Amino acid sequence: MQRISKKLAILLSLILLLSAVGCKAEQPKQTGEVKKEEQKEVQKPVTLKFYSWESYFKDNNEKVIKAFQEKNPNINVEVEYVGDGNNNEYLKKIDLMLLSGQQVDIVMQANFVDHIVRATAGVLEPLDDFMKAEGVKYEDIFTFNSKIDGKAYGFPGDVKSWFVMINKNHLDEAGLPLPPLDWTWEDYREYAKKLTKGEGKDKRYGSYFHSWADYNLLAFYTDRLDNPFVKKDGSLNFDDPLYKEFMKFRYDMENVDKCSTPYFEVKSLNLNYRNQFYNEKISMLPVGSWMISEIKNTEKYPHDFITAFAPLPRWSKESPKGRTITEAMYYCVTNISKFKEEAYKFIKFYTTDGMSIKGTGMTAQKGGDKNKILDIMMGENPSKLYDVDSLKKVFNNPDWFDNVFTNVPKYHAELKKMFVEESEKYLVNGISLDEAMKNIQKRAQEIADKNK
C-alpha cells in the first residue's frame, strides 16, 4: 500500500508540474489583458446548491431567490429538496453528501441543537471574516446571539416563538376577555377551568399539553434563561425546584381540576395537537408560531372559528414580563463550498430581507417588520379566521424577550429523551413526583458521566 501511495503521489506531482510548465509555455499577455481576464473571471456566473427539506415552501423560496438574483445577477441559486419534508431524513442525507464531497453550498439546521452539532464537527464555514470584509457585525444584524465559541457558523431565520392559541368563540361563550400580556400560569389555569365543559366523549378541555419535553418546561421558558437542563457552568440543573413545581401544576390541571387533556389520553390515543384544536376538542393550546400560517389552510384543517392569541404565561407575578422560548432555523455555508462568499451573500439576504418575502416564519433581523410578515402569514381576509389585533399585540409586546438556547451540551438530545421517559411515569400516575425526580437526576448524571 505504501508503494502504491508513493507512486500516486509522484504521479500527481508530475501532473501538477506539467500543468505549470504548460502554463509558462503560453504566450505572455499584456498587463491590461490579464486584468481584463481576471475581471471576467470574477464576473463569471456561479451556481449555488441550496438543500432544504421544506418542499412545501417551494413557491416561497422561489420568490426569495428571484429577489436575490435581481440584485445579484451573477449568482444563481438552485434549491434541491431532500428528506421528503422530514428534517431527520434530510440531515442523514446531507451528512452523507458532505462526506462524499458532492456540491453542497448551503444547508439548513432546524434548531440550535442540530446547528451546534455540525458547527463543532467542522463541516460549517465560520462567517465572521465575510462580515468583517463587508464592514458589518453580527450583533448589528440580528436580535439574538447564536454564536458558538465566539464565531458565527450560520444566520437565524424562520424564527419560531411560543404563545397560546385560543378558540375565540369559546372565550366569548364563557364570557372571558382576552388574557392580558402579563398573565400568569395560575391565570391560565383559571381560564382552563371556565372553558372546560361536557363529559365523556363530548368533553371539551380548556387546555392541552402535548407529549413533547417542552410541555414540562414551559415555566422555565418564561422564568429562567437559556437551557433548563444545564447551568451556565455546564453542570446539570435538574435540582431546580421549578421542575417539581411545574410538573405538579400540569398533573393537577389534568387529574385534579380535570381541565386539561390527561397525559394518558395524549399518549395512549396518540393525539395530534392540531386536530384537537381545529376539531374544537380543546380551547387553549401553548404552541409555536409555525401554526400561524396553518390556520388559514381550511382545506387541510377544516374549521370556521376565530383564533385569538395570548403570550406564554409567566410562572408567577414576580417573574419577568414578556419572555418566550424562541427557536430558529439556521442557514449555513458548508466548508466544502467552492463559492463561500457568494453563499454568504445569499444566506444573509435570505435571513434578512428574504424573511418578509418568504413569509413563513418570523424574522430575527433587528428592526425587521413583524407586522408585514404576520400579514403575509395570515393571507387575504385574515379577520375571518384570526383575531388580528391580539396576534399583533403579542408580537409587538414592548416587553418581548427571546429566550434562546445557546448553552447546549453535545448530549442534549439524550437528556431530552430521558426527561420525557421519566417524567411521563409520574404524569400517568405511575410513580410519585419525588421518585420521578430522583430517577431523572440519576439518569441525567449517568448520561453526563458517559459523555465526559
Side-chain angles (χ1 to χ4, degrees), residues 162-212 214-219 221-223 245-266 269 271-288 291-292 295 301 303-319 321-324 383 385-394 397 427 429:
W162 282 57
F163 49 53
V164 179
M165 287 171 54
I166 310 174
N167 186 311
K168 182 67 163 54
N169 293 4
H170 294 177
L171 275 182
D172 295 341
E173 179 188 281
L176 292 169
L178 285 166
L181 293 176
D182 61 349
W183 71 327
T184 66
W185 278 108
E186 195 54 48
D187 296 329
Y188 176 93
R189 185 176 186 172
E190 291 304 311
Y191 266 64
K193 290 177 184 178
K194 293 174 182 178
L195 290 166
T196 300
K197 63 180 293 188
E199 295 294 336
K201 292 182 180 180
D202 297 323
K203 184 164 185 174
R204 183 187 80 201
Y205 289 99
S207 165
Y208 180 92
F209 298 118
H210 200 46
S211 57
W212 301 340
D214 299 282
Y215 285 89
N216 292 333
L217 300 169
L218 291 172
Y221 293 162
T222 54
D223 204 70
E245 290 172 18
F246 190 74
M247 284 171 66
K248 185 178 187 304
F249 174 84
R250 174 179 179 171
Y251 179 91
D252 287 347
M253 282 190 67
E254 295 175 359
N255 299 283
V256 179
D257 304 331
K258 300 185 186 301
C259 63
S260 191
T261 310
Y263 189 87
F264 178 79
E265 288 186 22
V266 174
L269 300 177
L271 295 180
N272 182 306
Y273 64 91
R274 289 179 172 90
N275 293 341
Q276 294 301 104
F277 186 76
Y278 293 125
N279 292 337
E280 300 194 71
K281 295 292 185 182
I282 59 174
S283 299
M284 297 192 296
L285 173 67
V287 74
M291 293 286 286
I292 297 172
I295 292 171
Y301 308 111
H303 69 286
D304 58 6
F305 61 85
I306 291 175
T307 298
F309 302 84
L312 208 58
R314 300 184 291 160
W315 179 234
S316 69
K317 290 182 179 179
E318 287 71 44
S319 301
K321 296 179 182 179
R323 285 185 185 173
T324 188
S383 58
L385 295 169
Y386 299 83
D387 185 305
V388 178
D389 290 342
S390 67
L391 178 60
K392 291 189 175 181
K393 189 177 180 181
V394 168
N397 182 354
L427 293 171
N429 208 18

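Nothing here was measured: the structure is a model prediction, and the numbers come from that model.
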message: For Ser207, give me all partners under side chain to side chain contact (heavy atoms under 4.5 Å, CB included), at least two apart in sequence or on another chain.
response: Tyr188, Ala192, Phe209, Met253, Ser260

- request: Assess the side chains of Asn255 and Tyr263: does a donor N or O sit below 3.5 Å from an acceptor N or O?
  value: no

- line: The side chain to side chain donor-acceptor pair (under 3.5 Å) partners of Tyr191 (sequence neighbours excluded) come to none

message: Could you work out, with side chain to side chain donor-acceptor pair (under 3.5 Å) as the rule, every residue matching Lys168, not counting sequence neighbours?
response: Asp172

- prompt: Under the side chain to side chain contact (heavy atoms under 4.5 Å, CB included) test, which residues partner Glu173, sequence neighbours left out?
  reply: Lys197, Arg204

message: Restricting to ring pair (Phe, Tyr, Trp, His ring centres under 6.0 Å), what partner residues turn up for Tyr301, sequence neighbours left out?
response: Tyr278

- request: Output all residues satisfying side chain to side chain donor-acceptor pair (under 3.5 Å) with Asn279, sequence neighbours left out; order by chain, then residue number.
  value: none

query: Who pairs with Ser390 by side chain to side chain donor-acceptor pair (under 3.5 Å), at least two apart in sequence or on another chain?
result: Asp387

- prompt: So does Lys392 have more than 12 non-hydrogen atoms from other groups sitting under 6.0 Å from NZ?
  reply: yes

Sequence-distant partners of Phe309, ring pair (Phe, Tyr, Trp, His ring centres under 6.0 Å), two or more places apart: Phe163

task: Apply side chain to side chain contact (heavy atoms under 4.5 Å, CB included) to Pro262 and list each qualifying residue two or more places apart in sequence or on a separate chain.
output: Tyr205, Glu265

query: Less than 6.0 Å separating the ring centroids of Phe277 and Phe305?
result: yes

task: Check whether the side chains of Ser283 and Asn167 place a donor and an acceptor atom closer than 3.5 Å, and report yes or no.
output: no

message: Counting only heavy atoms not in Lys193 (residues, nucleotides, ligands), do more than 12 fall under 6.0 Å from its NZ?
response: yes

- prompt: Listed by chain and number, what are the salt bridge (charged side-chain N to carboxylate O under 4.0 Å, His left out) partners of Asp252, not counting sequence neighbours?
  reply: Lys248

task: Identify, with sequence neighbours excluded, every residue that meets side chain to side chain contact (heavy atoms under 4.5 Å, CB included) alongside Glu186.
output: Thr184, Arg189, Glu190, Phe249

message: Just to verify, what does His210 make a ring pair (Phe, Tyr, Trp, His ring centres under 6.0 Å) with, not counting sequence neighbours?
response: Tyr208, Trp212, Tyr273

